[in-house]
Amino acid sequence: MTTSCHQERQPGEEEITQIAKEAYIYGYPMIGLYGDMYIRAIDRDGRRFLKPFNELAWRSIYDPVTVYKAETVGNMDEEPLPDMEPVQTIRSGGAQSGMAYGSVWFDLKNEPCVLRVPGTLAGRYFSIQFVDLFSNTFDYISNRRDGNRGGRYLIASSSWKGQKPSGIDRFIKSRSSYVLGVFRIRIESSGDLKNVEKLMSRFSIVPLSRYTGTTGQEKMTVVSYPAFSPEKAKTPEYFAYLNFMLQFCSIPQEESDLMKRFARIGIEPGKPFDYASLSETRKKALIDGMAAGQTELEALARADSGKLNPVYKTEEKTEENYPYRAYMADRYPFGRSSEEMLAIVYETEAGRKKLVGRNRYELRFEKDRLPPVDAFWTLTVYSSGKKPSLKPNSAYILNSASQILQLNEDGSLSIPLQQEIPESLKRTNWLSVPSGPFFVLLQLYQPREEALKGIWSPPQLRNPDGAGAENRALPSVVVPGT
């Protein structure tokens, strides 16, 4: 028996480890998004299931004048849980406002969908963010880009070769056949809740065939979705999930050599990944590769902590930088376009000491140096631990469009961040913090050019109980969104 001269040699353990590391990092955002897709759109018996594919799920909205007391269960993207104890807000200045959130997982593998967006109140902030399976925010519908008149939008995968039908305002094309849509609508005041509920009911998503009155494709692809398990995703079964997801992605030509390299250890779009049949040494090589990939991501996180990065757009930093893309997908999931929302993160005070609730802090904006935005800005406190929690208590959010902020006599704005209720003069501006470690996000919705180009600089976070410059710190990192 002869062997073809074109037959490649089998990779050794060292090469398997290196390829597994690269594939682990490359696929990291994809596996995380599959977990979200499975939980929210596929697993109908799961407690976190929302709606099946192509059906928009709105979270319940509630009167934001009420503040809920719960340090670990509140989530700004979810309705308050029944066991949360409501307390009266101590902030003055009239009714507060908030945001209505919705989401949908688009399934575009058989045909595109048509999204109808209703007209909204002129000037009302709204946005619809589109995230592909690579975790890239690749497009937006928003009042900034599309106005408040509403419209019809065709959402399709890049593999679709049809023509845009009449009546479509814009064509939105994705590199993947599954797309996450994240909806946000500004609630202007408590009296605006009914208006927002009416708006929510007027959004619609229909398959293109129904929109055009045609039969659609004769052969519909039926998919058997593997049950997602976070525990399995920590083992080499991770690569089985990756093979499954890769078949729904358009791989750019420049990544063809990378895909050939992955195929050397059995990572191929749509193919089974037979981990069980591998030898023990090869299994260990895969495990070592995953561990090396995780170590690289952890090192990247440590290097990023305490460093102020220049402002950048998501797609410019992550398209070809796979470790950074994985890091961003983990730490700032569903990061938004910098033109829609810019986030400034405060993680430490001077000396890289973590922010903790036993201390008092103050954020001071000098006169005429408030965040430059066309919409509004928010300041939010998040509990932190081994992995940052993105579930703030509603008491830990200050909204520039919600509160009437009290300026100092010199025209500056001081925001105390502490557990104790401050003196009456600063009570309106007070932002409560949790008892343990935390970090702070300053989020600029529809930032102006001076913020995007770095002409406007974010203020320092100050510890007023200390003395000197050593007790002041710049924000740790500037990111497109979270």
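Computed over heavy atoms, backbone and side chain alike; hydrogens, waters and symmetry mates excluded. As the structure is a prediction and not an experimental result, all values here were calculated from the model. Heads up: numbering here begins at 1 and tracks the sequence.
- Looking at residues two or more places apart in sequence or on another chain, you find a side chain to side chain donor-acceptor pair (under 3.5 Å) between T120 and N148.
- Residues satisfying the ring pair (Phe, Tyr, Trp, His ring centres under 6.0 Å) test with F273, not counting sequence neighbours, are F239.
- F376 pairs by the ring pair (Phe, Tyr, Trp, His ring centres under 6.0 Å) definition with Y125, Y445, not counting sequence neighbours.
- Both tests pass for R175 against the ring of F134: distance under 6.0 Å to the centre and angle within 45° of the axis.
- In summary, the side chains of E22 and Q18 do present a donor paired with an acceptor at a separation below 3.5 Å, with no hydrogens or angles considered.
- Under the rule for a side chain to side chain donor-acceptor pair (under 3.5 Å), R116 has no partner lying at least two apart in sequence or in another chain.
- Cation-pi contact between R325 and Y26: present, with separation from the ring centre below 6.0 Å and deviation from the ring axis of at most 45°.
- Closest approach of P236 to I287, counting heavy atoms only: CG-CG1, 3.7 Å.
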For a salt bridge (charged side-chain N to carboxylate O under 4.0 Å, His left out) check, start with the C-alpha distance between R144 and E339, then their side-chain angles and the critical distance, and finish with the verdict.
CA-CA 9 Å; R144 163 178 274 189; E339 292 182 353; 5.4 Å; no
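- In this structure, F438 has its ring center at least 6.0 angstrom away from the ring center of Y396.
- With a 6.0 Å radius and a threshold of 12 heavy atoms from other residues, nucleotides or ligands, E55 has its CD atom above the threshold.
- Looking at M30 and C249, their side chains come closer than 4.5 Å, going by heavy atoms from C-beta outward.
- In this structure A57 satisfies the side chain to side chain contact (heavy atoms under 4.5 Å, CB included) test together with L50, K51, sequence neighbours excluded.
- Scanning for side chain to side chain donor-acceptor pair (under 3.5 Å) contacts around K173 gives an empty result, with sequence neighbours left out.
- With sequence neighbours left out, the side chain to side chain contact (heavy atoms under 4.5 Å, CB included) criterion links D107 to F53, N54, K109, Y178, Y225.
- One finds a salt bridge joining K284 and D288 here, because a Lys/Arg side-chain nitrogen approaches an Asp/Glu carboxylate oxygen to under 4.0 Å.
- A heavy-atom distance below 4.5 Å is found between the side chains of L115 and F183.
- For D45, the side chain to side chain contact (heavy atoms under 4.5 Å, CB included) test picks out D43, with sequence neighbours left out.
- Counting only N and O atoms by type, the side chains of N195 and E188 include no donor and acceptor under 3.5 Å apart.
- Residues that satisfy the ring pair (Phe, Tyr, Trp, His ring centres under 6.0 Å) test with Y238, not counting sequence neighbours, are Y24.
- Side-chain atoms of R124 never come within 3.5 Å of backbone atoms of I185 as a donor-acceptor pair (strictly under, hydrogens ignored).
- Side chain of E111 to main chain of S209: a donor-acceptor pair is present (N/O by atom type, distance under 3.5 Å, no hydrogens or angles).
- Smallest separation of non-hydrogen atoms from V381 and P434: CG1-CD, 3.4 Å.
- Applying the ring pair (Phe, Tyr, Trp, His ring centres under 6.0 Å) rule to F126 yields no partners; only residues at least two apart in sequence or on another chain are considered.
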Where do K283 and E280 land on the salt bridge (charged side-chain N to carboxylate O under 4.0 Å, His left out) test, with the steps shown first?
CA-CA 5 Å; K283 286 180 179 179; E280 292 304 314; 3.6 Å; yes
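- Every residue two or more places apart in sequence or in another chain that forms a salt bridge (charged side-chain N to carboxylate O under 4.0 Å, His left out) with R145 is listed here: D139.
- Between Y241 and F244, the gap from one ring centroid to the other reaches at least 6.0 Å.
- A donor and an acceptor atom, one from each side chain of E231 and S229, are located under 3.5 Å apart.
- Applying the side chain to side chain donor-acceptor pair (under 3.5 Å) criterion to T17, with sequence neighbours excluded, gives no partner residue.
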